[in-house]
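Structure first, commentary second.
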Amino acid sequence: MERLTDLEYLTKEFAHAIKAVEDTDTTGLRSSEGVQRATIVFIDDTRLYVTERLNEGYSYDWVSKDGRLLFHHDNEDKTPNFYHRDPYSIVRGIVTFHLMIGESKEYRV
């Protein structure tokens, strides 16, 4: 990953759907130089865990409020899903297809 995601911009762009952004990921560690960690909490209490390592890799996990994995993507993923490879696109997808359209739908991984 050549540059880290601008979480401030992302939070402003989707302010209507994001309840909070925490400076930690699933490890419980905070961001440091070269590693950005965040937990984006949505208005329905689902969470997107973001881990980005400058020039190394990334991992994004979206989980339900009861801890079920709804979506996973990392730099080693070979899935040809070109529209959901960055946090902006992932958040836009969650907001559009989950929060606005299908909040009551069951998701499978």
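- The nearest pair of heavy atoms linking Ser64 to Leu70 is N-CD1, 3.7 Å.
- Between the side chain of Thr46 and the backbone N or O of Phe42, no donor-acceptor pair lies under 3.5 Å.
- Atoms CD1 and CD1, from Ile18 and Ile43 in turn, are 10.0 Å apart once rounded to the nearest 0.5 Å.
- Residue pairs meeting the ring-ring contact (aromatic ring centres under 6.0 Å, His included) criterion with at least one partner in residues 11-36, sequence neighbours excluded, are Phe14-Tyr88.
- In this structure, OG1 in Thr27 is found 10.5 Å from OH in Tyr49, a value given to the nearest 0.5 Å.
- Within the model, atoms CG of Asp25 and CD of Glu52 stand 10.5 Å from one another, a figure rounded to the nearest 0.5 Å.
- In this structure, Val63 is not a member of the same hydrophobic cluster as Val41, with clusters built from ILVMFWY side-chain heavy atoms closer than 4.5 Å.
- No donor-acceptor distance shorter than 3.5 angstrom exists from the side chain of Gln36 to the backbone of Val50, with no hydrogens or angles considered.
- Distance check: Arg47 CZ to Thr26 OG1 gives 12.0 Å after rounding to the nearest 0.5 Å.
- Scanning both residues, Arg37 and Leu29, for their nearest heavy atoms gives CD-O, 3.1 Å.
- Here the closest non-hydrogen pair linking Gly57 and Asn75 is CA-OD1, 3.4 Å.
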- Query: How far apart are the C-alpha atoms of Asp45 and Lys19, what are their side-chain angles, what is the distance that settles it, and do they pass the side chain to side chain contact (heavy atoms under 4.5 Å, CB included) test?
  - Reply: CA-CA 8 Å; Asp45 292 321; Lys19 189 188 301 188; 2.4 Å; yes
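- Connection of Tyr58 to Val35 is not established within any shared hydrophobic cluster, with ILVMFWY side chains joined at heavy-atom distances below 4.5 Å, either directly or through further cluster members.
- Under the 3.5 Å distance criterion, the side-chain polar atoms of Thr39 are matched with a main-chain donor or acceptor of Thr24.
- Residues meeting the side chain to side chain donor-acceptor pair (under 3.5 Å) test with Ser32, sequence neighbours left out: none.
- In plain terms, the two heavy atoms of Asp74 and Ser59 that are nearest each other are CB-CA, 4.1 Å.
- When each of Leu69, Ile90, Ile94 is checked for a side chain to side chain contact (heavy atoms under 4.5 Å, CB included) with Trp62, only Ile94 meets the rule.
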